[in-house]
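Note: hydrogens, waters and symmetry copies are ignored here, and every other heavy atom, side chains too, is used. Proteins get letters first, then strands, A, B, ... in listed order; numbering begins at 1 in each.
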Number of protein chains: 2
Amino acid sequence: MSNLDQTRVASRSTETTRAALIKAATSVFAEYGYGGGSVRLITQRAMANQAAVNYHFGGKDGLYREVLIEATRAFEENAFLDTEELDSLSPEDALRRYLHQFLLPLVKRDRVSRYLHIFAWESVRPSEVFSAFVAHSPPRIFLLAERVVRRFLPRDASAETVTFAMLWLAQQPMFFVRDAERLAQPPFSLKFDEDALERLVDTLATLSLRGLAGV
Amino acid sequence: MSNLDQTRVASRSTETTRAALIKAATSVFAEYGYGGGSVRLITQRAMANQAAVNYHFGGKDGLYREVLIEATRAFEENAFLDTEELDSLSPEDALRRYLHQFLLPLVKRDRVSRYLHIFAWESVRPSEVFSAFVAHSPPRIFLLAERVVRRFLPRDASAETVTFAMLWLAQQPMFFVRDAERLAQPPFSLKFDEDALERLVDTLATLSLRGLAGV
DNA sequence: CCGAAATTCAAACGGTCGTTTGAAGCGAAA
DNA sequence: TTTCGCTTCAAACGACCGTTTGAATTTCGG
């Protein structure tokens with residue numbers, strides 16, 4: 001091997017620890033938010049030492065930044081929701097696809113679900129890390145929502161109207177995902193199995209398309 | 001005076017301290033949530049001693065409970081939004097009235113605005129105090145929202161559909177109130193003066209009434 | 001196998017949190 | 001004026017927080 005090839009060879013142990021910390025941090029931050037999630041709980045779940053966070057990521061904020069990078073990458077994967085796919089559908093189907101995709105965390109406790117929970121936390125009290133992170137690239141959920149509503153709004157709609165409608169649509173699924181646990185308890189007692197999810201998509205799509213007067 | 005009359009005469013100082021603490025706690029909890037608001041900041045704003053919270057309210061949670069009682073009382077005052085007034089209006093006007101009333105905190109920094117902020121916080125991570133508080137009486141914003149949507153939905157609509165629609169409507173204004181500060185900054189840069197508020201009510205009412213396809 | 005670099009580890013640091021403590025201040029009845 | 005109960009106060013307590021420290025351990029090229 002030449003010297004150039006071994007500029008920095010990360011040991012397997014390093015990557016293992018880093019990955020375990022990022023995975024644990026994702027679940028902890030999704031559960032308690034950035035401020036509410038503690039380094040001690042993260043390292044405990046990752047079965048790592050407390051100091052490992054500072055050693056590998058420079059601190060709690062560095063670890064969180066890494067989680068946000070992973071989250072962004074996951075959302076940018078075409079597998080989740082492609083902008084071209086949205087454009088290929090009719091406006092109505094694009095709306096239903098959008099709602100369905102962002103309501104999926106209700107029934108699936110997967111990686112994307114945890115990312116959505118993190119974004120839901122940030123929508124209440126944005127951390128400085130997150131603010132800096134999205135300063136120059138708005139979260140994908142907003143970009144996709146804008147793409148959907150633009151299909152419906154007239155061309156001469158004001159920028160403010162587009163923003164209002166975009167925010168209006170984007171926060172509809174986010175609410176149900178964020179408050180799922182609370183809605184599962186009295187007095188609402190909503191259990192979200194796959195059938196209930198379909199009915200929710202139906203209801204929201206109808207309301208978003210035709211409004212209350214069109215139900 | 002008989003002995004019965006002077007069972008317990010609260011000194012003026014007691015009520016002054018209590019009121020100052022409740023007022024300060026309302027603004028602090030509205031700003032940072034229950035978990036994020038500290039007793040030290042509250043007592044500092046109330047110009048009281050730290051121990052006063054425990055002396056007068058038994059602890060941080062007791063003080064918060066008092067704030068919630070005040071908030072509930074404020075919402076139950078007819079001055080805010082009367083159920084009979086809602087019923088006297090046409091469904092469309094009732095909807096607009098509902099939206100306008102719960103979007104008012106965008107331009108007014110009054111007492112009700114702070115209460116709405118507290119409820120917005122609780123919608124993310126409910127404190128035990130709040131959960132116990134509303135266990136047997138759902139927040140008024142939900143009751144009013146249900147009253148509005150029932151005017152539109154068919155009589156044979158399922159309970160689940162009514163709940164979906166009610167939640168859908170209730171969280172629309174809450175989102176803008178909760179995220180007002182964030183929406184005021186880039187990339188959204190929404191400034192909510194009275195005119196913008198009217199335009200937002202217009203947009204939301206149109207979307208809620210006729211949906212995206214009806215804009 | 002050796003030695004240097006990378007990584008892990010237990011312990012401690014300084015800070016903020018809610019709460020407790022016991023003395024000091026205060027107002028009104030005796 | 002003395003006394004007594006209510007209220008205030010500065011200080012401290014224990015718990016948890018993110019971070020730092022310096023030694024122990026592991027890793028791996030030479």
Q: Establish, with yes or no, whether the OP1 or OP2 oxygen of dT8(C) is under 4.0 angstrom from a side-chain nitrogen or oxygen of His56(A).
A: yes
Q: How close or far is atom C1' of dG15(C) from atom NZ of Lys60(A), stated in whole angstroms?
A: 14 Å
Q: Can you work out whether Ala48(B) or Asn54(A) has the more 5'-proximal nearest nucleotide on DNA chain D?
A: Ala48(B)
Q: Strictly distance-based, threshold 3.5 Å: is any side-chain N or O of Lys191(B) a donor or acceptor partner for the main-chain N or O of Ala196(B)?
A: no
Q: Among the candidates dA12(C), dC17(C), dA6(C), find the nucleotide nearest to the side-chain atoms of Ser38(B).
A: dC17(C)
Q: Would Arg147(A) and Thr83(A) count as having a side-chain donor-acceptor pair, cut-off 3.5 Å?
A: no
Q: Out of dT19(C), dT8(C), dC6(D), which nucleotide sits closest to the side chain of Tyr55(B)?
A: dC6(D)
Q: Under 4.0 angstrom, heavy atoms only, what part of the nucleic acid is Gly37(B) near: base, sugar-phosphate, or nothing?
A: sugar-phosphate
Q: Quick check: do Arg96(B) and Asp202(B) have side-chain heavy atoms less than 4.5 Å from each other?
A: yes
Q: Which residue, Leu169(A), Val201(A), Leu144(A), Val177(A), forms the side-chain contact (heavy atoms from CB on, under 4.5 Å) with Phe102(A)?
A: Leu144(A)
Q: Could you go over nucleotides 21-25 of chain C and give all protein N or O partners under 3.5 Å, atom names and distances?
A:
none

Q: Tell me, please, which residues at least two apart from Tyr115(A) pass ring-ring contact (aromatic ring centres under 6.0 Å, His included).
A: none
Q: Establish, with yes or no, whether the OP1 or OP2 oxygen of dT8(C) is under 4.0 angstrom from a side-chain nitrogen or oxygen of Thr17(A).
A: yes
Q: When the nearest nucleotide of DNA chain C is assigned to Ala52(A) and to Arg40(A) on a heavy-atom basis, which residue is associated with the more 5' position?
A: Ala52(A)
Q: How about Phe130(A) and Tyr34(A): are their ring centres within less than 6.0 Å of each other?
A: no
